[in-house]
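Numbers restart at 1 for each chain; the letters A, B, ... are given by sequence-line order, proteins then strands.
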Number of protein chains: 2
Amino acid sequence: MLARVSTPPTFKRLPRAVREQQMLDAAVKVFSRRGFHAASMDEIAEDAGISKPMVYAYLGTKEELFVACLHREGTRMMQAIAGAAAPDLPADERLWRGLRAFFGFVGAHRDGWAVLYRQARGEQPFAGELAAMRTRLVDVVAGMLDHALRAEGREVGETELEVVAYALVGATESLADWLADHPDADPEKTATRMMNVAWLGAGQLLRGTTWRPPAS
Amino acid sequence: MLARVSTPPTFKRLPRAVREQQMLDAAVKVFSRRGFHAASMDEIAEDAGISKPMVYAYLGTKEELFVACLHREGTRMMQAIAGAAAPDLPADERLWRGLRAFFGFVGAHRDGWAVLYRQARGEQPFAGELAAMRTRLVDVVAGMLDHALRAEGREVGETELEVVAYALVGATESLADWLADHPDADPEKTATRMMNVAWLGAGQLLRGTTWRPPAS
DNA sequence: GAGCATACCTACTCGTGCGTAAGGTTACGC
DNA sequence: GCGTAACCTTACGCACGAGTAGGTATGCTC
C-alpha cells in the first residue's frame with residue numbers, strides 16, 4: 001500500500017495474450033540462464049514484471065510453462081526451416097537451404113533455443129517432448145537421403161539410413177552449440193561448414209562408396 | 001535398537017576405498033536413472049547399502065559427488081580410448097580404433113556414461129566440467145585431422161579445423177545416444193557406421209574437395 | 001452508475017531434500 | 001583389557017521454492 005503511492009501509473013492492465021507472451025519471453029530467458037530446476041517461478045514472474053499467481057493462472061505449473069516454452073520455440077524453428085524447404089529441389093540444394101535456415105535461426109536466438117534444447121535433453125520429464133522433435137528432424141533427413149538414393153537407383157537398409165541421419169543431426173546440433181557459444185561467429189559460414197562435412201560424407205555414401213574395417 | 005536385534009551380522013565394516021567405490025557405483029546408477037536433481041542423496045545412500053552421513057563424510061556434497069562420478073567415468077573412458085590409439089598409425093586407422101574403443105565403452109556402460117553425459121550438458125554447475133572433457137576430445141580429433149592434412153602437404157585454418165572436429169564429435173555423441181537407447185545394437189557396427197560418415201566426409205575435405213554454396 | 005468479469009496483488013502453507021549434530025559400535029595397537 | 005580412531009547410525013534443523021487462498025482495482029456493458 002505504501003509502495004503503491006510511489007508507483008501509481010506503473011501498472012498497465014494488459015490483455016491476456018500480451019501478458020502470456022511477456023511471460024514466455026521471461027521464462028525462456030530465465031530457463032536458459034539458470035536451467036530448469038535452478039530457475040524459480042518467482043524470478044520468472046519478476047522478470048516478466050508480474051506477480052507469481054498470474055503466471056500460474058495463465059500458463060499453469062512450472063513444467064507446463066517449460067513445455068510451453070519448448071513448444072513456442074520449437075514451432076518457430078520448424079517453421080523457419082520448413083519455409084526454406086521447397087520439396088522439388090535437388091537433395092543437396094534442399095539440405096543446404098535447411099541448414100542455412102537452421103543455423104540462421106539459432107544465430108538469431110542464441111540463448112533462446114540452443115539452451116532450452118540443452119536443458120531438455122537431461123531432464124526426465126521432457127525427454128519425450130524433445131525426442132519427438134528430434135525424431136521428426138531425423139525422419140526428415142533420412143527421408144531426404146532415401147529420396148536421393150532411390151533417384152540414383154540405389155537402396156540402403158532402414159536402420160542404416162536412420163543411423164546416418166542420426167549422425168548428421170547430431171553433428172548439426174553440436175555445431176549449433178558451438179555457434180551459440182561463439183557470438184561473433186557467422187551462421188551462414190557455419191552452415192557451409194556443416195554442409196561440407198555432411199554432404200561430402202553423405203554424398204560418398206550415396207554414390208556407394210563405403211569404408212570397410214581392416215581385418216584386425 | 002529393536003531392529004538391530006534382527007540384523008546383527010549384516011553390517012560389514014569395510015575400508016574406505018571399497019565403500020567409496022560402492023557409493024560411486026550407486027550414485028552413477030541413481031543419477032543416470034533419475035537425473036541430477038531428481039536423485040536424492042537418501043536414495044543413493046540406501047542403494048549403496050549405507051547411511052547418508054557416510055556419503056557426506058567420504059564424497060562431500062551432492063555436487064561434489066556428481067563431479068566425482070563424472071571424473072571416474074570420464075577417466076575410464078579416456079583410458080579406454082587412449083589405450084587404443086597408437087600415435088604412429090595412419091590417420092584413418094587411428095580414427096577407426098578410437099571410434100571402436102569409444103563405442104565399445106559406451107556399449108558396455110550404457111546406462112552409466114551416456115546418461116551422465118546427457119545430464120551434465122544441461123545443468124549449469126557442470127557445464128564447465130563437461131566442456132573441458134569435450135574440448136580435450138575435440139582437440140584430439142582436430143590434431144589428428146591436422147596431422148593428416150600436413151602429411152598431404154595441405155593446410156587449413158584453425159577455426160575451420162575446430163569446427164569440423166566439433167561436428168565429428170557431435171555426430172559421435174549422437175550415435176552414442178542412439179546406441180544407449182538400442183540395447184541390442186552392436187557397438188562395433190555402430191562404430192563402422194560412424195567411420196563411414198566421418199571418414200568419407202573428412203577424407204574428402206582432406207583431399208581438398210569442398211562444397212561451395214550456390215549463388216543465391 | 002450498478003454489475004460483472006477480468007486483471008492483478010500480498011501473504012501465506014507445506015512438502016521436499018540437503019546437510020549436520022550427537023552418539024553408538026567394531027577393530028586394532030600396545 | 002583398554003584407549004583410540006575409524007566406521008556407522010538415527011534423528012533433526014532449516015532453507016528454498018512450488019503452488020494457493022482470498023482480496024483489491026479496473027474497465028466494459030447496458
Could you tell me the separation between the [atom1] atom of [X] and the [atom2] atom of [N], rounded to a whole number of Å?
X	N	atom1	atom2	answer
A:K62	D:dG17	NZ	P	8 Å
B:E43	C:dG19	CD	P	16 Å
B:H37	D:dC16	NE2	C1'	11 Å
B:L59	C:dC18	CG	C1'	15 Å
B:E20	D:dA6	CD	C1'	13 Å
B:E46	D:dT10	CD	P	11 Å
B:Y56	D:dC12	OH	P	18 Å
B:Q22	D:dC7	CD	P	13 Å

Among [options], find the nucleotide with the atom closest to the side chain of [X].
X	options	result
A:S51	D:dA18, C:dT20, C:dC8	C:dC8
B:P53	C:dC8, C:dT20, C:dG19	C:dT20
A:I50	C:dC9, C:dT20, D:dG19	C:dC9

Are [X] and [Y] close enough for a salt bridge, meaning some N to O gap below 4.0 Å?
X	Y	answer
A:R118	A:D181	yes
B:E43	B:R34	yes
A:D25	A:R72	yes

Residues, nucleotides or ligands: over 12 heavy atoms within 6.0 Å of A:E46 CD: no

Counting the atoms with a prime plus P, OP1 and OP2 as sugar-phosphate, which does [X] contact under 4.0 Å by heavy atoms, base, sugar-phosphate, or nothing?
X	answer
A:M54	base
A:A45	nothing
B:A38	nothing

Cationic tip of B:K62 above B:F36 ring, under 6.0 Å, 45° of axis: yes

Closest-nucleotide ordering on DNA chain D, the 5'-leading residue of A:F36 and B:Y58: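 Mapping each residue to its closest nucleotide by heavy atoms, the 5'-most match is B:Y58.
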
Side-chain N,O (A:R19) to OP1/OP2 (C:dC8) below 4.0 Å: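 Yes.
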
Side-chain donor/acceptor of B:K52 to base of C:dG19, under 3.5 Å: yes

